[in-house]
Undergrad: 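One structure follows; several queries about it will come next.
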Number of protein chains: 2
Amino acid sequence: MSWAEETLASLQAAGHRSGGARRAVVDVLSRQGCCLSAQQIFDELREQGRPIGAASVYRILDLLVESGRVQKLDLGSSTAYYEPVWDDGHHHHVVCDACGRVDAFDDPELERALVRAQKRLGYTSATHELVLRAACDDCYELAGRPSG
Amino acid sequence: MSWAEETLASLQAAGHRSGGARRAVVDVLSRQGCCLSAQQIFDELREQGRPIGAASVYRILDLLVESGRVQKLDLGSSTAYYEPVWDDGHHHHVVCDACGRVDAFDDPELERALVRAQKRLGYTSATHELVLRAACDDCYELAGRPSG
DNA sequence: GTCAGTGCAAAGCTTTTGCAGCGCG
DNA sequence: CGCGCTGCAAAAGCTTTGCACTGAC
């Protein structure tokens, strides 16, 4: 069962009706997979010829976040980003200080350290959000990296 | 030399003039120490009887962030928070999912894990920003914690 | 005296709210 | 056939920009 199917099913199970806009937003999210802003979703759907309203995008994203199907990300800009929560573990993001590019990364050891820290602090059911800031490969080369 | 003194000195060394508003903002930051919003700084200074403009607060905070004296924090709300960068290491924050309360914490082992992860990812000069989301002690008790 | 720094007001951008109509169940 | 979902438009909230004036150097 795909993320999109699971998501729609869980909403239906929670007593929500399934309008066209909601299916469309879930579809865009599942196709992109990582770091979409509300505006990007809005634009994408408009391009597809679907006359969605901005308010609907925000309302749907809120619902998805509340029901735990989507994670809201603050990457440092004034815009919020959203991405599906996959069953097989989550990842974090590196934002380029220079050009704003966003890359995802996944580090099991770091993940374990984060969980240990949460336990040590007494938070048993905590979630975490981690953003690294660094020069991305391109900008690093432009700036002149140590060995070349 | 205090953080405020160091900050003003470094700005002067960089060729900036020292206006009253800037000194006032640096003063408020150094006194509070952790997690102030632009609005809070604005209000605090107005209460003190100093007719500062909101634009000045934002301009000054930007300058301080650019010069590395202040860190800008995204804690999940639509408001940005600011705090001095102290010489003796930094800390992270736990935001209460229920009431929004913010606590600071400091975990050397986690810090080492983060640095190791950054190196492993190839980012030698990266910074990081970590936000934990959990129920704070008060909300945890209200919700009924496992042992009473 | 010059120009960075400043305060005020207005604009900009993302997000939220109000409301009337549509359509899922 | 009721009520949740939706789109549009307007409003709200945080932050930035424009501009004239002040004051540091």
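Everything numeric in this text was worked out from a predicted model, so none of it was measured. Chain letters run A, B, ... following the sequence lines, proteins first, then strands; residues in each count from 1.
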Undergrad: Give the ring-plane orientation class for A:His128 versus A:His90, where under 30° counts as parallel, over 60° as perpendicular and anything between as tilted.
TA: perpendicular

Undergrad: Within this structure, what is the CZ-to-C1' distance between A:Arg50 and D:dC5, rounded to whole angstrom?
TA: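 Taking CZ of A:Arg50 and C1' of D:dC5, I get 12 Å after rounding.
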
Undergrad: Taking only the side-chain heavy atoms of B:Arg46 (C-beta and beyond), determine which of C:dG23, C:dC8, D:dG7 contains the nearest atom.
TA: C:dC8

Undergrad: Let me know the distance between CZ of A:Arg17 and P of D:dT6, rounded to the nearest Å.
TA: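 Rounded to the whole Å, the gap is 11 Å.
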
Undergrad: Give a yes/no on whether any side-chain N or O of B:Ser56 is located under 4.0 angstrom from OP1 or OP2 of C:dG7.
TA: yes

Undergrad: Are the side chains of B:Glu83 and B:His93 in touch, meaning some heavy atoms are under 4.5 Å apart?
TA: yes

Undergrad: Looking at B:Gln12, I'd like to know whether one of its side-chain N or O atoms comes within less than 4.0 Å of OP1 or OP2 on D:dC25.
TA: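 True: B:Gln12 side-chain N/O within range (under 4.0 Å) of D:dC25 OP1/OP2.
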
Undergrad: Output the single nucleotide from D:dT6, C:dG25, C:dG7 whose closest atom is nearest the side chain of B:Ile52.
TA: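 Among the listed nucleotides, the one closest to the side chain of B:Ile52 is C:dG7.
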
Undergrad: For B:Leu11 and C:dA4, what is the distance between atoms CG and C1' respectively, to the nearest whole Å?
TA: 13 Å

Undergrad: Along nucleotides 10-22 of chain D, 5' to 3', which nucleotides get a B, which get an S, and which get a -, given that the test is a protein heavy-atom distance under 4.0 Å?
TA: ----SBBBB----

Undergrad: Any side-chain N or O of B:His16 below 4.0 angstrom from OP1/OP2 of C:dA4?
TA: no

Undergrad: Atom CD1 in B:Ile52, atom CZ in B:Arg22: separation rounded to 0.5 Å?
TA: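 Reported to 0.5 Å precision, the distance equals 10.5 Å.
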
Undergrad: In whole angstroms, how far is the P atom of C:dT16 from the CZ atom of A:Phe42?
TA: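 Rounded to whole Å, this separation is 15 Å.
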
Undergrad: Please figure out whether B:Gly19 or A:Gly53 has its closest DNA chain D nucleotide nearer the 5' end.
TA: A:Gly53

